[in-house]
Amino acid sequence: MSRSELHVAICTDGVFPHAMGGMQRHSRLLAEHLAKSGRVRLTVLHPHEVGVFDPAFGIDEVHVAPIDTDRIYLRELWKYSGRVGEELDRLRPDVIFSQGFCVWQGITRYSDRLIVHPHGLEMFQGLSFKERVMGAPFRALLRYVVRRSSVVVSLGGKLTALLQGVTRGSKCRVVVIPNAVDMPDGPTIYPVEATPLRLLFVGRFAFNKGLDVLLSVARRFDVEGRLGDVLFELAGDGPLMENMRRDGVPRNVRVLGRVDDALLAQLYHECHALVLPTRFEGMPTVVLEAMAHARPVLVSDVGATAELVDRTNGYLLRAGDAQELYDAVRDLCARPLAERRAMGAHGQQRVLSDFTWPVIVQRFVSLFGEPHASGK
């Protein structure tokens, strides 16, 4: 299939680093790797000034007036989708790929060629009553959008069952395509220093990421006189940052704040394992990145994390369970260097086999070429 035979339009509400978030990073990487493949003609509709992508990629860009974040979000999202629709009517692409709810207003005129990617389905994973109530409009919107689409993309794991329930009785088909990651440029040598065990957390400093669970485990190591056994290094930012600065953190915790890609790569290189005691998730890119760097992973069994981690390369934990995290950290501390290195190697091989961008892009290209997805 030549580049000119299939015109794909990616619709997004933001592209990293002009907008932050997993979906926004996915928009950039998917577009760039699709362009590198040379298999499709690509247009990206986004709310930034044109020039987001290097011209060498050959990606056509269309500016769409952004969402007014000072007003009611859902109403503004509806208006944004209308502006996206005007551009789609002008472009007339063969395939429309919508990140989240960028295609909504007038959706039925695109149903035969619309693929929706809702990513982590956070609206179904709220823990508190307040979160569930706040998520209700987004659950209703998801049902409306996917049931009027040709395909909805699942990251896999528990998310697939959720989407199968949402689409039941409609013509929309659930297709599993996981997230992907670029492999590191340099070597991924495992640290030879035995202690302290350096555990890296990367993510938003928010309740849903389980930082309270991590900090309780860190305090327990301190109280038990095992201060030198483990160093928890926290990279990120978010609403809990001020509370952590005000209340203080255990002595075996180092708060790094937001880090750029170069420093993050260095932190992966220096750590012994990644720890992510998240309460809900899709398929975390940071887990894939740690695996690509040949590091074991300690992560909650939520979303699609079981697609990535098992006993061969890490620990799957019950969400919110501090005892399980404590036991896993102690077990990893007790493992010989050779066993930790072998766990990291298993994870890296899994990424190489199933989760690199060339592999995932081929799956997207195949999906785009199917008659039900291209409206042909």
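What you are looking at is a predicted structure, and each value in this text was computed from that prediction instead of being measured.
Counted within 6.0 Å of CZ on Arg109, heavy atoms from surrounding residues, nucleotides or ligands total more than 12; the atom is thus considered enclosed. Crowding of Arg71 atom CZ: a count of heavy atoms from other residues, nucleotides or ligands under 6.0 Å not exceeding 12. Within 6.0 Å of CE on Met183 lie more than 12 heavy atoms contributed by other residues, nucleotides or ligands.
Using a cutoff of 4.0 Å between basic side-chain nitrogens and carboxylate oxygens, Arg41 and Asp94 are not scored as salt-bridged. Salt bridge absent: Asp229 and Arg330 never bring a charged side-chain N and a carboxylate O closer than 4.0 Å. Between Arg148 and Asp112 there is no salt bridge, since no side-chain N of the basic residue sits under 4.0 Å from a carboxylate O of the acidic one. A salt bridge is absent between Arg90 and Glu86; no separation between the charged side-chain nitrogens and carboxylate oxygens falls under 4.0 Å. In this structure, Glu281 pairs ionically with Lys209, as a charged nitrogen and a carboxylate oxygen lie closer than 4.0 Å. A salt bridge is defined here as a Lys NZ or Arg NE, NH1 or NH2 lying under 4.0 Å from an Asp or Glu carboxylate O, and Arg220 with Glu224 meets this definition.
If you check the side chains of Tyr315 and Asp327, you find no donor sitting under 3.5 Å from an acceptor. Counting only N and O atoms by type, the side chains of His272 and Glu193 include no donor and acceptor under 3.5 Å apart. In this model, a donor atom of one side chain and an acceptor atom of the other lie less than 3.5 Å apart for Arg39 and Gln362.
Between Phe205 and Phe201, the ring-plane angle classifies as tilted under the 30° and 60° cut-offs. Ring-plane geometry between Phe221 and Tyr326 is classed as tilted, the angle between the planes lying from 30 to 60 degrees on a 0 to 90 degree scale.
Side-chain atoms of Val166 and Phe124, non-hydrogen and from C-beta on, do get closer than 4.5 Å to each other. Residues Gln348 and Arg295 form no side-chain contact, since every pair of their non-hydrogen atoms from C-beta on lies 4.5 Å or further apart. By the 4.5 Å heavy-atom criterion applied to side chains, Thr12 and His26 are not counted as neighbours. With contacts defined as side-chain heavy-atom distances shorter than 4.5 Å, the pair His7/Val40 does not qualify. Between Leu34 and Ile10, some side-chain heavy-atom pair lies under the 4.5 Å cut-off. No side-chain heavy atom of Phe101 sits less than 4.5 Å from a side-chain heavy atom of Tyr80.
By the side chain to side chain donor-acceptor pair (under 3.5 Å) test, Arg75 is found to be paired with no residue, residues two or more places apart in sequence or in another chain being considered. Residues meeting the side chain to side chain donor-acceptor pair (under 3.5 Å) test with Asp182, sequence neighbours left out: His33. Checked against salt bridge (charged side-chain N to carboxylate O under 4.0 Å, His left out), Arg350 has the following partners two or more places apart in sequence or in another chain: Asp310.
Judged by the 6.0 Å and 45° rule, Arg25 forms a cation-pi pair with Phe16.
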Worked verdict on Arg279 versus Asp321 for salt bridge (Lys or Arg N to Asp or Glu O under 4.0 Å): CA-CA 10 Å; Arg279 289 184 165 87; Asp321 194 322; over 6 Å; no
Evaluation steps, side-chain hydrogen bond (donor to acceptor under 3.5 Å, both in side chains), between Gln349 and Ser353: CA-CA 6 Å; Gln349 186 55 52; Ser353 299; 3.3 Å; yes
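Just one residue in the list Glu61, Gln24, His63, Gln99 forms a side chain to side chain donor-acceptor pair (under 3.5 Å) with His46, and that residue is Glu61.
Put simply, the side chain of Ser98 gets close to the backbone of Val103: a donor and an acceptor are under 3.5 Å apart.
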